Amino acid sequence: MVPTFTDLSRSESEPKKGKVNNIIANNEEENKELQQEIDRRKDQSKSVWRKVPLCPDWRKEEFKAVTVTLDAATAHPALLLSENGRRVTWQERRKDLPNSTQRFKSLPCVLGQPHITSGRCYWEVEVENSHSWDLGVCRDSVTRKGRVTMSSQNGFWAIRLYSGEYWALNSPETLLTVGEKPLKVGIFLDYEDGDVSFFNMTDGSHIFSFPKNTFYGVLRPLFRLWSSDSGSLSICTDEEKVVDIVIPMQN
């Protein structure tokens with residue numbers, strides 16, 4: 001039987017289809033192997049938190065995002081909080097507020113909720129509109145009145161921007177080298193591992209990690225403004241932009 005044109009076309013095209021299918025299969029296998037290698041290296045990096053400062057996007061996969069709000073009962077009288085508790089600014093006229101064991105008197109600080117006693121969590125703070133600040137975490141039991149030195153030895157794990165320089169508040173304080181000026185700072189806390197790390201969320205770079213600690217008791221998010229020209233700090237949220245309406249601080 002004489003083969004038809006269709007039969008000849010089919011017989012010629014089938015080897016070509018086979019080659020194409022082989023190429024596709026090989027590419028899929030190479031892509032699969034490449035992805036496996038990426039995942040392997042990623043998992044390897046994640047297993048050594050202290051030795052490899054991971055980019056914040058990788059840490060977000062392992063840490064829980066927490067909703068942080070400012071606790072008015074802890075706020076220094078010079079600080080003014082937004083209605084939704086997500087922004088702190090400086091007020092020129094300090095208010096006379098009832099005495100409270102929770103309120104900061106000597107340092108213009110305010111603590112955030114929640115109370116943290118375990119797990120891995122993180123939050124982000126907008127610092128674009130502030131020129132001098134401290135950010136980090138502290139023990140809920142830190143001294144709020146009288147002479148207070150903010151350092152890791154005294155239960156404060158924070159970094160500072162002051163006069164255009166960035167510092168880590170360990171003992172002694174450490175001058176930090178920061179490339180691109182951060183518009184947002186990410187604070188990552190691993191309670192069980194005793195790790196507090198800070199990231200520039202603008203370019204994804206690592207700012208600083210404190211030496212490993214042994215945490216006990218309650219830890220709280222910490223915020224500080226230095227003076228009336230410090231600007232404002234805003235806790236990042238996926239909700240609408242924080243408004244500037246303020247409310248009196250309650251005891």
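The chain is numbered in sequence order, starting from 1. Since the model is a prediction, treat every value here as computed from it, not as a measurement.
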Query raised in the report: Quick one: do Val110 and Leu169 end up in the same hydrophobic cluster if we chain Ile, Leu, Val, Met, Phe, Trp and Tyr together by side-chain heavy atoms under 4.5 Å apart?
Result: no
Query - Heavy-atom pair of closest approach, residues Val66 and Trp123 - result: CG2-CE3, 3.7 Å
**Report entry** Any Ser234 side-chain heavy atom under 4.5 Å of Arg87 side chain
**Finding:** yes
Query raised in the report: How far apart are the closest heavy atoms of Glu180 and Asn200, and which atoms are they?
Result: O-ND2, 2.7 Å
Report summary line: Heavy-atom closest pair (Ser130 atom, Leu225 atom, distance to 0.1 Å) is OG-CD2, 3.8 Å
Requested in this report: Please tell me if the side chains of Thr143 and Asn154 come closer than 4.5 Å, counting only heavy atoms from C-beta onward.
Outcome: no
Report task. Please work out whether the ring planes of Phe188 and Phe199 are parallel, tilted or perpendicular, with thresholds of 30° and 60°. Result -> perpendicular
Query raised in the report: Hey, any chance Val178 and Ile159 share a hydrophobic cluster, counting ILVMFWY side chains that come within less than 4.5 Å of each other, even indirectly?
Result: yes
Query raised in the report: Given side chains that start at C-beta, do those of Trp133 and Val125 come closer than 4.5 Å, heavy atoms only?
Result: no
**Report entry** Close side-chain approach of Ile207 and Tyr166, heavy atoms under 4.5 Å
**Finding:** no
Query raised in the report: Where do Val127 and Leu161 land on the side-chain contact (heavy atoms from CB on, under 4.5 Å) test, with the steps shown first?
Result: CA-CA 10 Å; Val127 298; Leu161 169 62; over 6 Å; no
**Report entry** Gap separating the OG atom of Ser171 from the CE atom of Met150, nearest 0.5 angstrom
**Finding:** 13.5 Å
Query raised in the report: Should Glu62 and Tyr122 count as side-chain neighbours, where that means a heavy-atom distance under 4.5 Å?
Result: no
Query raised in the report: With hydrophobic residues grouped by side-chain heavy-atom distances under 4.5 Å, do Phe210 and Tyr191 end up in a single group?
Result: yes
Query raised in the report: Does a donor on one side chain and an acceptor on the other come within less than 3.5 Å for Ser209 and Ser197?
Result: yes
**Report entry** Closest non-hydrogen atom pair between Leu81 and Ala75, with its separation
**Finding:** CD1-CB, 4.4 Å
Report task. Considering non-hydrogen atoms only, spot the tightest contact between Ser106 and Gly146 and give its length. Result -> OG-O, 2.8 Å
Report summary line: Minimal heavy-atom distance between Pro108 and Trp90, with the atoms involved, is CB-CZ3, 3.6 Å
Query raised in the report: Roughly how far, to the nearest 0.5 Å, is CD of Gln113 from CZ of Arg220?
Result: 4.5 Å
Requested in this report: Give the ring-plane orientation class for Trp157 versus Phe215, where under 30° counts as parallel, over 60° as perpendicular and anything between as tilted.
Outcome: perpendicular
Query - Residue pair Asp134 / Trp226, side-chain donor-acceptor N/O under 3.5 Å - result: yes
**Report entry** Point-to-point distance, once rounded to the nearest 0.5 Å, from CZ of Arg144 to OG1 of Thr101
**Finding:** 7.5 Å
Query raised in the report: For Lys60, does the NZ atom sit with more than 12 other heavy atoms under 6.0 Å from it, leaving out its own atoms?
Result: yes
**Report entry** Close side-chain approach of Val148 and Val142, heavy atoms under 4.5 Å
**Finding:** no
Requested in this report: Could you state whether Phe198 and Val137 fall into the same hydrophobic cluster, counting links through intermediate Ile, Leu, Val, Met, Phe, Trp or Tyr residues with side-chain heavy atoms under 4.5 angstrom apart?
Outcome: yes
Query raised in the report: Do Leu70 and Leu222 belong to the same hydrophobic cluster, where Ile, Leu, Val, Met, Phe, Trp and Tyr are linked whenever their side-chain heavy atoms lie under 4.5 Å apart, directly or via other members?
Result: no
Requested in this report: To the nearest 0.5 Å, tell me how far Leu79 CG sits from Leu233 CG.
Outcome: 9.5 Å
Query raised in the report: Rounded to the nearest 0.5 Å, how far does OG1 of Thr177 lie from CD of Glu165?
Result: 10.0 Å
**Report entry** Salt-bridge contact Glu126-Arg86 (side-chain N to carboxylate O under 4.0 Å)
**Finding:** no
Report task. Using atom types as modelled and distance alone, determine if a side-chain donor or acceptor of Thr202 lies under 3.5 Å from a backbone N or O of Leu183. Result -> yes
**Report entry** Distance, nearest 0.5 Å, that separates NZ of Lys64 from SG of Cys121
**Finding:** 9.0 Å
Query - Side chain to side chain, Leu111 and Phe104, heavy atoms closer than 4.5 Å - result: yes
Query raised in the report: Within a strict 4.5 Å, meaning less than it, do heavy atoms of the His76 and Arg224 side chains meet?
Result: no
